[in-house]
Amino acid sequence: MKIRFLMFIVLSLVISNVVWVATSYLIYPGYLDHGEPGMALISWRLLDRHPAYLGFDSPTLISNVYGPLTYLSHALSFWLFEAKIQSGKVLPFLSVIFIPIFVYLSHRRKGSEVAIGGAILSSALILFFVPFSIWTRPESLMALLGVIAVWANNASDPSKPEWFKSILIAIAASMAVGMKLHAGIYFAPVVIFHCFNENRGIKTFFVMALVGLFVVFIPFLFTVFPITDFWAWIFYHLNKESPSQFVFKYFRYGLIFLSPTIFYIAVYLWSKKSHDTREKLYFYLFIGCLLATLFPATKAGAGIYYFFPFLAVLIEQILRHAVQIKERKSLIWCLFSLLIAMLLIISIPTQKRFFRALHWNEVSEIKYEIRKIMTEYSGRSIEMGFGDNVKTYPRTYYRTLLVMAGHPYTIDAAPAMEMNMWKIPLTKKLLFMVQNCNTDIWLIPKDEAPFKMIGYYGAPTIDKAFREDFLASYKKINSFNYFDIWTCQK
């Protein structure tokens with residue numbers, strides 16, 4: 001009872017920490033990553049039936065390669081709440097709140113102490129991956145879907161087909177694939193382990209595959225998700241380079257996700273029995289999928305957050321093996337506690353960096369200025385551009401205010417970086433829009449040369465032809481604290 005009470009205290013503290021961090025970002029009036037406003041705007045525009053994917057011949061440059069269900073899920077948030085920045089953060093917030101709850105439910109059959117331990121470990125992993133675990137991206141929701149899949153598997157009776165739970169696992173996995181195409185990697189160990197049973201087998205796997213294909217492809221039946229344009233973007237992303245300078249970073253994070261290996265080996269050494277075929281399959285599939293994730297995770301523009309959705313299977317692997325050890329029970333749970341302690345300690349500087357990155361006053365001033373400009377230049381179309389300094393680039397994230405107020409959205413720096421890196425030429429239609437001043441006013445970070453910024457890939461964010469046409473068509477007429485006003489000079 002004393003151990004259980006102590007574990008409950010620790011669980012309360014770490015969950016409070018998760019709620020504190022997640023709530024801070026939910027109510028924060030801005031963004032931390034340049035991909036967030038683009039995702040929010042594409043999702044919001046779905047409500048007006050604007051397509052999520054545009055071809056490389058489009059007159060606008062705003063598309064990104066997330067799956068349809070990423071945009072649909074965030075569109076639901078905007079539909080339920082309202083067109084504001086915080087609405088796009090609701091799903092990541094709810095995901096990290098529910099993850100520890102479902103982890104606890106997944107492992108109750110192993111005992112309350114084990115279930116509490118799993119919930120603590122899940123909270124520690126959420127804090128370890130801040131801000132990736134809470135930002136406006138699909139990883140947190142994918143992690144929650146993974147936890148639900150593991151719960152459905154653990155709640156299944158091996159002596160029964162368990163069709164309802166099998167379908168639930170298939171839906172969870174396919175929803176994740178519908179958010180990011182490579183997400184099947186996170187669910188393959190659970191799906192195959194669930195089906196590797198004399199009461200399920202190929203028949204169950206086949207039905208689950210059909211359900212999965214239906215969920216993944218049904219959004220493409222709607223015109224807002226043109227599949228040809230989606231695959232065109234995917235093709236270029238698959239051919240991205242994998243920079244070698246991040247190898248050590250991935251190795252360091254990989255050691256954490258390889259920690260189930262310790263518990264797997266401990267069962268073999270200390271319990272004096274070998275793993276059965278199903279357990280071996282489950283473990284080696286997990287390791288294989290971890291290694292396979294390096295392919296998308298090491299691509300330029302990706303990152304270590306690609307491993308976060310493995311949270312459910314990571315915890316499952318550790319606890320499955322830990323509960324089998326009886327003779328050296330204290331030692332194995334000390335190792336488990338050490339892993340949690342390590343994650344929590346490492347998360348402290350991570351959380352400090354996160355809170356230092358929240359510039360509450362500056363963001364409020366930027367948003368106030370944008371609203372002031374919209375009022376002063378009422379009746380004229382206004383669009384957000386970018387300048388020449390990547391340090392002031394975050395000011396442009398708040399183009400969401402302009403677009404959600406009905407102003408045009410023809411160019412986004414994030415996909416522009418991708419296209420220029422791939423050396424895809426800008427369309428004549430896009431350049432024609434600039435040459436003819438289709439947008440009345442552009443906001444450029446103060447005292448900066450328009451559209452001259454070097455992007456995250458080390459190349460100019462956008463082709464020089466756009467900048468040349470812009471300078472030939474627009475001139476600076478006014479300056480505010482954060483932005484210059486550029487208007488048509490024709």
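Here the structure is a predicted model, which is why all the values come from computation and not from measurement.
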Would you say the side chain of Trp231 lies within less than 4.5 Å of the side chain of Phe220, judging by non-hydrogen atoms?
no

Side chain of Lys452, backbone of Arg467: donor and acceptor closer than 3.5 Å?
no

Roughly how far, to the nearest 0.5 Å, is CG of Leu290 from OH of Tyr186?
10.0 Å

For Ile134, is there any backbone N or O sitting under 3.5 Å from a side-chain donor or acceptor partner on Ser140?
no

Look at the aromatic rings of Phe230 and Tyr53 and report parallel, tilted or perpendicular, splitting at 30° and 60°.
tilted

Looking just at side-chain N and O atoms, do Gln351 and Asn17 make a donor-acceptor pair shorter than 3.5 Å?
yes

How far apart are the C-alpha atoms of His34 and Tyr456, what are their side-chain angles, what is the distance that settles it, and do they pass the ring-ring contact (aromatic ring centres under 6.0 Å, His included) test?
CA-CA 11 Å; His34 78 146; Tyr456 295 145; 4.9 Å; yes

Between Phe470 and Trp486, what is the ring plane arrangement, given parallel below 30°, perpendicular above 60°, and tilted in between?
tilted

Decide ring-ring contact (aromatic ring centres under 6.0 Å, His included) for Tyr306 and His182; before the verdict, give the C-alpha distance in whole Å, the side-chain angles of both, and the deciding distance to 0.1 Å.
CA-CA 10 Å; Tyr306 273 52; His182 70 269; 4.9 Å; yes

Starting at CD1 of Ile382, measure out to OG1 of Thr439 and round the result to the nearest 0.5 Å.
10.0 Å

Check: Thr70 side chain, Met179 main-chain N or O, donor-acceptor pair, under 3.5 Å
yes

With side chains defined as the heavy atoms from C-beta onward, is the minimum distance between Ile227 and Phe217 less than 4.5 Å?
yes

Only one of Arg395, Lys446, Lys475, Lys476 forms a salt bridge (Lys or Arg N to Asp or Glu O under 4.0 Å) with Asp484, so which one is it?
Lys476

Lys180 with Glu139: basic N within carboxylate O range, under 4.0 Å
yes

Return the orientation label for the Trp442 and Tyr474 ring planes: parallel under 30°, perpendicular over 60°, tilted otherwise.
perpendicular

With a 4.5 Å limit on heavy-atom distance, are the side chains of Leu46 and His74 in contact?
no

Within the side chain of Asn420, is there an N or O that forms a donor-acceptor pair under 3.5 Å with the backbone of Ala416?
no

Leu11 vs Ile120 side-chain heavy atoms within contact, under 4.5 Å:
yes

Side-chain heavy-atom pair Val14, Val18 within 4.5 angstrom cut-off:
no

Below 4.5 Å, heavy atoms only, C-beta onward: do Leu471 and Pro450 meet side chain to side chain?
yes

Would you please classify the geometry between the Trp135 ring and the Phe132 ring as parallel, tilted or perpendicular, with 30° and 60° separating the classes?
perpendicular

Before you tell me yes or no, could you show the steps for Glu365 and Tyr482 under side chain to side chain donor-acceptor pair (under 3.5 Å), namely the whole-Å CA-CA distance, both residues' side-chain angles and the distance that decides it to 0.1 Å?
CA-CA 9 Å; Glu365 290 171 1; Tyr482 292 98; 2.4 Å; yes

Would you indicate whether the side-chain heavy atoms of Trp360 and Ile27 approach each other to under 4.5 Å?
yes

May I ask you to decide if the ring planes of Phe56 and Tyr236 are parallel, tilted or perpendicular, using 30° and 60° as cut-offs?
perpendicular

Find out whether Ile169 and Phe187 are in side-chain contact, i.e. whether some heavy atom of one side chain is under 4.5 Å from a heavy atom of the other.
no

Answer with yes or no whether the side chains of Arg45 and Tyr71 bring together a donor and an acceptor at under 3.5 Å.
no

Tell me whether the rings of Trp422 and Trp233 are parallel (<30°), tilted (30 to 60°) or perpendicular (>60°).
perpendicular

